[in-house]
Protein chains: 2
Amino acid sequence: MSVNYLSLCFGYLQALTELPATEPIDKAVQILEGAMQEFLTHGYAATSMDRVAAAAGVSKATVYSHFGDKEGLFEALVKRLAQQKFLHLTTLDCWHEEPRHSLPQLITNALQHVLCDPEHLAFIRLIIGESGRFPKLAQIFVQNLSKPGIELMSQYLAKHPQLNIADPEATARIIIGAVVYFVQIQEMLHGQEIVPMEPERLINAITDLVITHQSPQAASI
Amino acid sequence: MSVNYLSLCFGYLQALTELPATEPIDKAVQILEGAMQEFLTHGYAATSMDRVAAAAGVSKATVYSHFGDKEGLFEALVKRLAQQKFLHLTTLDCWHEEPRHSLPQLITNALQHVLCDPEHLAFIRLIIGESGRFPKLAQIFVQNLSKPGIELMSQYLAKHPQLNIADPEATARIIIGAVVYFVQIQEMLHGQEIVPMEPERLINAITDLVITHQSPQAASI
DNA sequence: GTCTATAGATCGATAGAC
DNA sequence: GTCTATCGATCTATAGAC
């Protein structure tokens, strides 16, 4: 087929298929979109392949022909989400500034990113909830998201020697853990009204702990 | 391991007391024991009332007559577990010693308690995994476990003025968050071999951060 | 109160037409 | 490759005997 022929027929084909059908949408991606909606909302066990097919706009047999069975579809979805959410980690700047200003900004960005992304929240819920029955998928999550996050924060701490951090990796886990725990209690477990706390208080406390820190040698007179 | 030994002894004593069973065990408790085994292993959706009845040693109709429906049974189980696990929080001592020695001991105890209790781990998995569909149960978890934990650590920090903690509650969340995040990555998400770290490194880093901390006034020359 | 037996719906997965 | 139609298993919940 020539380009000219496609151009002439474009309007006609569009009217027939009701889609901008210059290129057919990849069915696999289409299915994964529907699977994401269902799995993130209902979890693994409560998600039916019928509803996945309906949400994706295809037949159930098409889903099975692409992904084998329910577990295969679930694994493909988790791997896709782990890659998608990884990209949102690399958007960090302000490394050159002083920690006094850059650290709270770093934490604020991370907090806002997770708090404003219900999809990310539902993904973590799903991974933790199924980590007992799908340990391999939990490890993919750790490999693609937790590990890069820890390494990034660890490098940040190590490249600011004035902070006197003896163990950057362990300290990175403390900072990230504080943020993750805050999100889990306030948002994931709906503890906002039971143990209320403004994010600023946590950010200030973390910054204060890390900034006004002395080396053990200097502390023990 | 002393924990395993205690568990073995407890099971033995329990078996002994079951022998002179002149009085039948409460059916409701019996059902909840079976429900716990099934829900903690398979999650909410993948747990069938047939297997709960079989695990409890009663008929399915008996389960329904006691708890109404599947959700009612699940709610009763979560409330029972939230009360049971609360008791394990109050076993803390060594408040009088110096933080330099009592703080790492406090953290070590908390870590060992969770790491050596797969039931507790599975309970957290279940609560987080179902927190989107059962927000009320997640709030019960926060009310009975997270909130007391934060308050306990907050009081500990406040009663050691030499630590110069400006915001004890926020700092308590940092410490607990670091421990919870460590357990979640290493054990719950099976990240032991992907991001290995000895618990001692985390404990030392936390202790170092908190102990060698100066008040903001003293830090800014 | 507790049981057996079963209804009615929905599940994962597949065969066969096109 | 994608569809419709369907199978056998399993699910929640209940009716009725004891």
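Excluded from the calculations below are hydrogen atoms, water molecules and symmetry mates; all remaining heavy atoms, backbone and side chain alike, are included. These numbers come from a predicted model, not from an experiment. Below, chain A is the first sequence line, B the second, and so on; all start at residue 1.
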- What pairs of residues pass the side chain to side chain donor-acceptor pair (under 3.5 Å) test when at least one of them lies in residues 194-207 of chain B, not counting sequence neighbours? A/Asp167-B/Arg201

- Query: Does any residue of residues 33-46 of chain A have a heavy atom under 4.0 Å from DNA chain D, and if so, which ones, in number order?
  - Reply: none

- Task: State, yes or no, whether a side-chain contact exists between B/Thr41 and A/Arg133 at a heavy-atom distance under 4.5 Å.
- Result: no

- Is the distance between the ring centroids of A/Phe67 and A/Phe74 under 6.0 Å? no

- For A/Ser48, report the nucleic acid contact type (base, sugar-phosphate, nothing); a contact means any heavy atom under 4.0 Å. sugar-phosphate

- Message: Show the nearest heavy-atom pair for residues B/Ile175 and B/Val210, with the distance to one decimal.
- Response: CD1-CG2, 4.0 Å

- Message: Under 4.0 Å from OP1 or OP2 of C/dG1: is there any side-chain N or O of B/His66 that close?
- Response: no

- Do A/Val142 and B/His190 come close enough that some side-chain heavy atom pair is under 4.5 Å? no

- Length of the CG-C1' vector between A/Asp26 and D/dG1, whole Å: 13 Å

- Message: Side chains of A/Leu126 and A/Glu130, heavy atoms from C-beta outward: is any pair under 4.5 Å?
- Response: yes

- Message: Just N and O in the side chain of B/Ser59: are any of them under 4.0 Å from OP1 or OP2 of C/dC3?
- Response: yes

- Message: Just the rounded figure in Å: distance from C1' of D/dT12 to CZ of B/Arg51.
- Response: 13 Å

Tabulate protein N/O versus nucleotide N/O from nucleotides 13-16 of chain C, keeping only pairs under 3.5 Å, one per line.
| from | atom 1 | to | atom 2 | distance (Å) |
| --- | --- | --- | --- | --- |
| C/dA13 | OP2 | A/Tyr64 | OH | 3.2 |
| C/dA13 | OP2 | A/Lys70 | N | 3.1 |
| C/dA13 | N6 | A/Lys60 | NZ | 2.2 |

- Query: Taking all non-hydrogen atoms of both residues, which atom of B/Gly57 and which atom of B/Gln30 are closest, and how far apart?
  - Reply: O-NE2, 4.2 Å

- Task: Considering just the side-chain nitrogens and oxygens of B/Lys27, establish if one lies under 4.0 Å of OP1 or OP2 belonging to C/dT2.
- Result: yes

- Verify whether the ring centers belonging to B/Tyr181 and A/Tyr181 lie closer than 6.0 Å. no

